[in-house]
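Beneath this line is the structure, given in structure tokens, with notes to follow.
Reckoned from all heavy atoms, side chains included, excluding hydrogens, waters and symmetry mates. Labels below follow one simple rule: chain letters A, B, ... track the order of the sequence lines, proteins then strands, and each chain is numbered from 1.
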Amino acid sequence: MNTTVHPAPDAPKHGFRRWFALSVILGLSVIALLSWLHFEQRRSLQQASRQLGELRQAQVHLAKGFLQFSLGGDPQTPFNRAEGIVLLRQSVLSFERSLSRLESLSAEETETFRQTAESFLKQLENWRNAPAGDLATPVRLRIAFSALERKAGKLDALAQAEINKLRADNDRHYLLSLAGSLLALSLITGIVLNAVRKERLASRQGATFREAHRSSETRFRRLFDDTPVAMVLTDQNGRLIAQNKCHERLFGFTLNDTPSLDDWWLQAYPDPAYHTAVTARWQAAVDLARQRNGDIEAGEYRVTCKDGSERMVQIFGILLADGMLSTFLDVTDNRLAENRLRLWAEAFEQAQLGLAISDARSNAFIAVNPAFARERGYTPEELTGKPIGTVFPEDRQPEIRQYLASIDHSTHGVLETEHRRRDGSRFPVLLDITVLKDADGQAINRVAYALDITERKRAEQALAAAQSAALTQQKQARIATLNQMQDANAARERAEKALAALHESRERLALFIEHAPAALAMFDREMRYIAVSRRWLADYALTGHDIIGESHYAILPEITEEWKAVHRRGLAGKVVRADAERFRRADGSVQWIRWEVHPWHEADGPVGGIVIFSEDISRQKQAEEDIRQLNADLERRVLERTSELSAANAELESFAYAVSHDLRAPLRAMSGFSQAMVEDYGNELSDEARGYLDQIVIASRRMGDLIDGILTLSRSTRGELLRNPVDISSMATRKLQTLAGETPERQGQWQVEPGLDVAGDERMIEVVIDNLLDNAWKYSSRVASPVIRVYSETREGKRWICVSDNGAGFDMAHAERLFKPFQRLHRQDEFPGIGIGLATVQRIIHRHGGDIESRGQPGQGATFRFTLPASLQNTGN
Amino acid sequence: MHTKSILLVEDNPQDEMLTLRALRRANVANRIDVARDGQQALDYLFREGEYADREGPDLPTVVVLDIGLPRLSGLEVLERLRNDERTTLLPVVILTSSDEEQDRLRSYAFRCNSFVRKPVDFAEFAETVARLGVYWLATNETPSAK
């Protein structure tokens, strides 16, 4: 580290300043020295780490290279043998480079490693050059590879140990420099405390130290973080102090996820059984390391990452004074590759399809799988190393040699041939052969899939037999055809009969058309008549002519172009129609025709001609016209009647007016002078004469009442009918109270149901209620305890307002007469009255669109009930 | 002495007789003139035609007017009277056999001072007329009263 020296303070004015400057320089020098040492340590650690990284890279290359090499022979796999060889060589070179750098490696060990590597390379070369059927070479290569792998592991461990040592040193140095820095800092701080006046300077000095400290820590931090090996630093309490980026990248856990080792174990080994085993194993390794005062031995563990994936990891540990540094090496890929290799080997062994690998130069089997050997009556071991000719019959040998020579150039081929079993029997096979070549394009191996096609051959023979059978069938079919021709003759006869039947049906159709109750004609494409109805002939004045086969246009030359156009449209397949068309005939009369033109189709589709249908609807039209005329007439007559009626009404009104006015005066005169005579000359008249005069007065009074009644009746049908809510309950109550007031001596009771609301003309409804209650009051006046009730009831879905009394009642036989004007069911001396009230009531109710009924029995009282239309009642609510 | 007078407009001679009898029997001693149709009534009131030189006061205290009159109806007479400034305030009592609502409403529309229906019963009639006379001649203060 380059020390950042602050500008020297101003020249001292006192001895104190000199001390101060000296102390500062001394302190800074100590810090600088320590920092440099620390930095140097860091550098070698960095180098060692790089070294280890390279070593591991080499290990990976070794594993990968061998995999590529061993599997690259099969073009079906994604491996490439030439690439494998390159990788293997590269890795050996890397290892050799590492040898010179590893300080702790003894000369003896270096030599052993070199020998191992050389031996491996030699075996590799041997393997390439080995003659076909040489079984020993691949085995030797595999052994050499394993040895090299083991040695590489040892190198790895050594490099790791070196790093660990360096790291421990580094830690010590770090602590030392920290202590030195602290010492210097306290020294300076002490001086600064004394130098109160130089407070500002001292504070700047302090800042410098803090920066230096931070800087050194940052460097360590960066190194730790950037090392391409996952590392975790834990303290003696098992708390995770730090973990580097690589660690987080590898497993995904942050310090927050796993703040302690316990947490880490729980998360990284979630399977409880495995968790227990791992912790025990790790604890044992830690205890062992403590005993030996060494490092914790590397072990392989299956770690579950944060995302749930699993990684195979080699974990190393270095015990520190106050904790532990753990290093994690991801070997997942290596294990994966090994697994894959094992899978391929297993597949080879287990395949039910015969597989054989042979040497392209020696033409000997390098390996065969059990299926291949079994099919031919051997064991795999027996066939391995044997010439491939072993499995071919003698007569097939030249053919196969020729074939193999040809496919060595092309890399792939398929051949159908025969194989020979150990017992000499033969069977057909299909060989799929792939040639594996080295980087120079030299054929090295052949991989063959051998399919026993005995079954297929058998099937082929069966097919051939079937084909010959088919030939026989063809012959039979030919004979059958001859027979069918005879059948066809029969069929033709049948068809002719059917055709005849069709003719018949056509005739029937013609018959049907002829008698159709409308003008109907069927034409062919040239508008020649095929069939025609009698009505048609009549309409066109053609009765008696045989027109079938004749052209419509020839018969009726007056047919217009317009009609011909319509016919053409029909022949084009369109349906044309008119519901009512007006024609003016030659004689000037007007005719209404409804017509339709329909195309008809031949059995096989095309339009064969048209059918014209026409109907004279003149009479119908005339009828419609008459009805319209009649309606208009009726309407006019109704209007006339209405105005007549209005006039009559007006007349009636003026008549009623005149009655009210002019009939009354003579009445008054009659009664008036009669009375005047009694008053003025009463003394001179006999009792009999006075009695006569009284009768004149009574008669004229009665006539006055009659006149009033007639006026009321006439008024009930005059004027506008208003529709308003009417409260019958209070109306009836008022009336009854008035009546009770007029005859206070009367005993009895009355009940009015509340809420009897209707809609109507209030003044007219009042006339109704007045009349009904007057009657009820009058006819119940002679019973001992009269009861009058006003209430509602619902019958036939209607609401009826009822007025009942328990008075004289009436005989239902005469009920009809009740509502007729001037008709009475009681004598004047029984119950006086003019017989106009109920007639008026009925007129008013009817005018409202309602109904009125009466019910009674002599001596049992009477009930009058009426309805007013619901809609009116609704508006009332 | 008796400056207050009545003009009775009545075309029915029997009604006229009965009315006059009722008034007399009620001790009405005032002058009572009778016009027998609408036109005559107007001539009397405006001193026109046959009444151009009539004697007596300018205007009666009250006019008792029937509606159903020959020539001019009672309502037409009333309308003329109200449209003439000399008679616009003249008290007019309609005394009629009609009980038509229309007649009543129109009478009031032309500002009649009272609308009385002639009762058919003579006793009632006599009493009604007597009360009318007493009321208008004795009780009521007329606009022209001195």
Side-chain angles (χ1 to χ4, degrees), chain A residues 649-650 652-682 690 693-716 718-720 722 761-764 766-767 832 834, chain B residues 8-27 34 36-38 64-78 94-107 115-130 132:
Chain A
N649 259 343
L652 193 66
E653 240 169 277
S654 62
F655 172 72
Y657 185 83
V659 166
S660 78
H661 229 122
D662 299 335
L663 286 189
R664 272 193 188 122
L667 277 178
R668 199 162 35 247
M670 282 156 66
S671 72
F673 287 113
S674 307
Q675 213 149 332
M677 187 172 278
V678 173
E679 283 173 12
D680 296 353
Y681 306 103
R690 274 209 297 277
L693 288 172
D694 282 347
Q695 286 308 313
I696 294 173
V697 172
I698 289 168
S700 50
R701 195 176 288 152
R702 179 166 164 70
M703 189 157 178
D705 286 346
L706 281 170
I707 291 168
D708 283 347
I710 288 169
L711 282 176
T712 311
L713 184 65
S714 93
R715 238 178 256 138
S716 68
R718 279 190 286 144
E720 197 191 349
L722 302 173
D761 190 306
E762 183 160 15
R763 280 180 43 211
M764 292 198 194
E766 187 151 26
V767 170
I834 55 167
Chain B
L8 177 65
V9 188
E10 176 61 76
D11 67 322
N12 186 318
Q14 284 133 7
D15 273 356
E16 180 194 326
M17 279 174 69
L18 289 171
T19 304
L20 291 176
R21 178 178 180 273
L23 287 171
R24 295 284 170 249
R25 285 181 71 92
N27 298 318
V34 178
R36 293 192 174 82
D37 66 47
V64 178
L65 184 63
D66 194 2
I67 289 179
L69 294 171
R71 297 171 74 186
L72 285 176
S73 81
L75 290 172
E76 283 169 316
V77 172
L78 181 60
I94 302 291
L95 184 66
T96 177
S97 305
S98 166
D99 64 348
E100 289 296 315
E101 187 183 22
Q102 217 183 350
D103 287 342
R104 194 169 69 244
L105 293 178
R106 287 175 67 194
S107 300
F115 186 98
V116 178
R117 208 189 138 199
K118 288 179 190 169
V120 174
D121 185 88
F122 175 72
E124 268 179 61
F125 176 81
E127 196 193 324
T128 303
V129 170
L132 259 184

So for A:Ser700, is it side chain, backbone, both, or neither that comes closer than 4.5 Å to the heavy atoms of chain B?
backbone
Out of A:Gly704, A:Ser671, A:Ala676, which one racks up the most heavy-atom pairs below 4.5 Å with chain B?
A:Ala676
Under a 4.0 Å N-O cut-off, is there an ion pair linking B:Glu101 with A:Arg763?
yes
NZ/NE/NH1/NH2 to OD/OE distance under 4.0 Å, B:Arg21 and A:Glu679
yes
Would a 4.5 Å heavy-atom cut-off, applied to side chains only, mark B:Ser97 and A:Arg668 as touching?
yes
Using a 6.0 Å cut-off, check whether atom CE of A:Met677 has over 12 heavy atoms from anything other than its own residue.
no
Test side-chain contact (heavy atoms from CB on, under 4.5 Å) on A:Gln675 and B:Leu18; report intermediate values, then the result.
CA-CA 11 Å; A:Gln675 213 149 332; B:Leu18 289 171; over 6 Å; no
NZ of B:Lys118 to CG of A:Leu667: how many Å apart, nearest 0.5 Å?
12.5 Å
Pick one of side chain, backbone, both or neither for B:Ala123, based on which atoms fall under 4.5 Å of a heavy atom in chain A.
both
